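Worksheet: the structure to be examined is printed underneath.
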2 protein chains.
Amino acid sequence: MPAARGGGTGKPGPTLEQVAARAGVGRGTASRVINGSPRVSERTRAAVQAAVAELGYVPNRAARALAAGSMDAIALVVPEQENRLFAEPYFSEILRGVSTELADTDMQLLLTLIRDERGRERFRQYAAAHRVDGVLLVSVHGDDPLPDLLRDIGMPAVISGRRSHDEHVPYVDSDNLLGAQLAVEHLIGRGRRKVATVTGPLDMYAARCRLDGYHEALRAAGRPDGHLVEEGDFTEEGGHRAMRRLLEREPGLDAVFCASDVMAAGARIALREAGREVPDEVALVGFDDSAVARHMDPPLTTVRQPIEEMGRAMVRMLLGLMTGRRERAVRDTAGQHHLVLPTELVRRRSS
Amino acid sequence: MPAARGGGTGKPGPTLEQVAARAGVGRGTASRVINGSPRVSERTRAAVQAAVAELGYVPNRAARALAAGSMDAIALVVPEQENRLFAEPYFSEILRGVSTELADTDMQLLLTLIRDERGRERFRQYAAAHRVDGVLLVSVHGDDPLPDLLRDIGMPAVISGRRSHDEHVPYVDSDNLLGAQLAVEHLIGRGRRKVATVTGPLDMYAARCRLDGYHEALRAAGRPDGHLVEEGDFTEEGGHRAMRRLLEREPGLDAVFCASDVMAAGARIALREAGREVPDEVALVGFDDSAVARHMDPPLTTVRQPIEEMGRAMVRMLLGLMTGRRERAVRDTAGQHHLVLPTELVRRRSS
DNA sequence: GAAAGCAGTGGGAGCGCTCCCATTCGTGCG
DNA sequence: CGCACGAATGGGAGCGCTCCCACTGCTTTC
């Protein structure tokens with residue numbers, strides 16, 4: 001389904017040829033100046049730059065891409081999950097970071113929302129056809145084949161969050177385990193006796209890590225009471241249901257660690273319905289430090305991830321991979337491409 | 001600052017030429033099939049399509065763009081305001097709509113965050129160089145020169161929200177005035193006597209409309225008490241401060257209409273600080289129906305805008321403008337390019 | 001003092017596509 | 001039966017750029 005074609009969109013603007021003519025140099029030389037090659041005399045450089053300024057020259061991206069074989073563009077791929085939620089603040093933050101880091105580059109950012117198998121296949125073709133030079137993958141599920149697929153076709157890619165402990169694809173992650181541990185230690189430190197947890201979908205590694213952190217903190221405190229576990233799905237509704245199940249199983253629980261703020265919001269509602277006071281009867285801690293955390297009543301204690309910084313780090317890593325591939329071919333610098341950023345506890349009144 | 005250049009990014013994939021050879025036809029014919037031209041015999045079409053499938057051919061976008069002069073891409077431009085907030089849920093929703101509507105197209109979506117004068121200039125050049133075929137402008141301030149600038153260089157553009165009542169640039173807006181009116185009527189209908197409002201920044205037309213709706217509702221109820229107005233800036237902090245000022249001016253107020261949910265969240269905090277119960281002593285209504293509205297305690301009555309639908313409508317309008325320009329040159333169909341979508345009141349417990 | 005370097009430069013050869021001008025048929029008409 | 005005309009097709013001419021080879025004057029080296 002071709003969408004818009006046909007003869008040209010408007011006045012084309014000056015070409016390299018015209019710039020070169022105006023500067024009184026050859027096309028090659030003008031190109032060299034524009035691309036910052038060192039092999040140009042100072043005089044010539046100045047002349048070309050003047051011509052560029054006078055003519056308001058802007059390189060034609062399509063021509064450049066065609067000739068050079070690279071697109072000067074990276075794709076940010078967002079699988080829009082079935083549940084369509086995809087924690088919104090997370091996304092915005094990542095985007096901000098990515099965009100910030102890209103601002104000093106003349107890379108373009110292509111946004112691709114994949115919502116079904118058709119979309120996935122479309123993107124696969126895109127990548128295979130090298131329509132972008134690199135890919136940032138956000139919110140990847142454990143069984144997502146896309147990362148390996150990209151590796152197979154030699155497309156540089158960085159994912160946010162590992163899919164498993166020994167993820168081999170370059171990634172930027174945050175320290176989910178330690179974050180969860182901090183949260184639960186905090187709860188224990190406040191004298192809570194029966195600490196439950198609402199996990200994320202356990203086919204996601206991040207969710208698994210947060211659960212491990214929960215167990216780890218309990219174990220470290222010499223308290224093997226880590227059986228109060230219910231699985232949620234990172235949605236408010238899921239948190240709500242999981243909390244209800246917990247209350248049924250153990251009416252006497254006095255603390256809950258939720259693996260996301262949104263689920264904590266759901267849990268909060270369930271607690272209110274059950275007439276439990278927060279934090280007096282039940283302490284509540286979330287994860288993400290998203291906007292809802294601040295707006296809950298009482299404001300939610302939570303674990304903060306440096307999401308914007310993760311976005312920036314992903315771009316830096318991807319850019320490195322991209323130039324790296326050119327400069328040192330396949331020299332095995334393997335590694336350096338795994339980054340885990342620290343998380344921190346943000347104390348508010350819910351605990 | 002060239003970022004990534006150098007020799008090609010990888011194995012190039014089959015070209016049109018190869019497809020044509022395989023199908024035993026000429027390059028031109030193959031092109032015709034791929035672009036759905038009717039001037040091809042059924043037999044030939046089938047042969048080419050088979051070759052495409054066998055070879056896994058995907059057209060090279062750069063080459064196409066270069067030859068055809070159009071980029072098959074539109075830019076979504078988001079000025080990232082000074083206050084850096086840019087109501088996040090709004091953005092995500094728009095994005096979802098845009099992306100959905102674009103899914104059936106082979107248009108690319110380029111995301112451009114403009115954060116300073118430099119970025120703005122960079123984008124201006126982009127547009128001038130026709131690096132995209134159309135532009136979607138989100139969250140435009142009243143004094144933003146970008147829309148007119150784009151018109152001057154002949155770049156199709158659609159903005160979300162008018163900048164003034166007689167906006168001449170194509171736009172998709174929601175009925176802010178009626179929405180605000182509904183909200184305030186609702187408040188009056190619930191027996192509230194002293195209805196205040198926290199407005200958005202009044203250099204934004206949308207904020208102005210919501211204020212007008214407030215006044216209109218009051219006037220219609222025969223109550224010219226529309227003096228309890230304080231200006232906010234669409235941030236939580238701003239809402240908080242504005243609410244404090246209102247309470248100072250009129251401790252006896254019993255209802256507040258905030259021009260955004262986020263400001264309502266700020267106002268909620270100020271009310272809590274002042275010991276006012278919501279909704280018993282003071283009823284609160286917001287605008288946007290964003291996520292915070294549902295998570296507030298009590299959940300916030302608010303005015304819903306069909307944001308995702310606005311995103312979709314913007315794309316449809318832009319696509320229309322883009323093909324329109326080609327097909328009927330400058331025939332003055334002027335109009336049809338202003339769309340105002342309805343808003344509705346969502347009642348929750350805060351009022 | 002001649003050979004050999006090298007910085008600086010010009011411009012040809014494509015990149016893969018679309019556009020469009022032929023060219024080749026087949027058919028309808030005078 | 002010959003001519004004209006349209007449908008179907010082939011392929012040349014670029015689109016604006018980057019890459020790279022060839023070329024010019026110098027300066028360096030033995």
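Predicted model only: the values in this text are computed from it and were never measured. Throughout, a chain's letter reflects where its sequence line sits, starting with A, and its residues are numbered from 1. Values below: all heavy atoms of this structure, side chains included; hydrogens, waters and symmetry mates excluded.
- End-to-end axis angle of the helix from C:dG1-D:dC30 to C:dG30-D:dC1, using five pairs per end and rounding to 10°, comes to 50°.
- Of the listed nucleotides (D:dC17, D:dT18, C:dC17), C:dC17 has the atom at the smallest distance from the side chain of B:Arg64.
- The CD-P distance, from B:Glu17 to D:dG14, rounds to 18 Å in whole Å.
- A search for side-chain hydrogen bond (donor to acceptor under 3.5 Å, both in side chains) contacts involving A:Arg122 returns nothing, not counting sequence neighbours.
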Can you give each donor-acceptor pair under 3.5 Å made by side-chain atoms of residues 44-52 of chain A, sequence neighbours left out, with the distance rounded to 0.1 Å?
unit_1: A:Thr44; atom_1: OG1; unit_2: A:Ser41; atom_2: OG; d: 2.7
unit_1: A:Arg45; atom_1: NH2; unit_2: A:Ser37; atom_2: O; d: 3.2

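- Listed by chain and number, the residues in a side chain to side chain contact (heavy atoms under 4.5 Å, CB included) with A:Thr112 are A:Ala75, A:Val77, A:Ile114, A:Phe123 (sequence neighbours excluded).
- Within the 4.5 Å cutoff, no side-chain heavy atoms of A:Arg316 are placed close to those of A:Leu339.
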Any N/O pairs under 3.5 Å between the protein and nucleotides 6-10 of chain C? List them or say none.
unit_1: C:dT9; atom_1: OP1; unit_2: A:Ser41; atom_2: OG; d: 3.1
unit_1: C:dT9; atom_1: OP1; unit_2: A:Thr44; atom_2: OG1; d: 2.2
unit_1: C:dT9; atom_1: OP2; unit_2: A:Ser41; atom_2: N; d: 2.9
unit_1: C:dT9; atom_1: OP2; unit_2: A:Thr44; atom_2: OG1; d: 3.4
unit_1: C:dG10; atom_1: OP2; unit_2: A:Gly26; atom_2: N; d: 2.6
unit_1: C:dG10; atom_1: OP2; unit_2: A:Thr29; atom_2: OG1; d: 2.7
unit_1: C:dG10; atom_1: N7; unit_2: A:Arg32; atom_2: NH2; d: 3.4
unit_1: C:dG10; atom_1: O6; unit_2: A:Arg32; atom_2: NH2; d: 3.0

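- Rounded to a whole Å, the CG atom of B:Leu16 is 12 Å from the P atom of C:dC19.
- In this structure, CD1 of A:Ile34 is placed 13 Å from P of D:dC19, rounded to the nearest angstrom.
- For A:Asn60 and D:dC15, the shortest distance from a side-chain N or O to OP1 or OP2 is not below 4.0 Å.
- Distance CE (A:Met71) to P (D:dT18): 14 Å, rounded to an integer number of Å.
- Every residue two or more places apart in sequence or in another chain that forms a side-chain hydrogen bond (donor to acceptor under 3.5 Å, both in side chains) with B:Arg120 is listed here: B:Asp144.
- The side chain of B:Leu66 approaches D:dC15 more closely than any other nucleotide in the set C:dC15, D:dC15, C:dC17.
- Residues that satisfy the side-chain hydrogen bond (donor to acceptor under 3.5 Å, both in side chains) test with B:Glu54, not counting sequence neighbours, are B:Arg22.
- Regarding B:Arg61, its CZ atom lies at a distance of 19 Å from the P atom of D:dG16, rounded to whole Å.
- Residues meeting the side chain to side chain contact (heavy atoms under 4.5 Å, CB included) test with A:Arg27, sequence neighbours left out: A:Leu16, A:Glu17.
- Judged by distance alone, the side chain of A:Asp72 and the main-chain N or O of A:Met107 form no donor-acceptor pair under 3.5 Å.
- Qualifying side-chain hydrogen bond (donor to acceptor under 3.5 Å, both in side chains) partners for B:Tyr57, counting only residues two or more places apart in sequence or in other chains: none.
- Of the side-chain N and O atoms in A:Ser31, one or more sit less than 4.0 angstrom from OP1 or OP2 of D:dT18.
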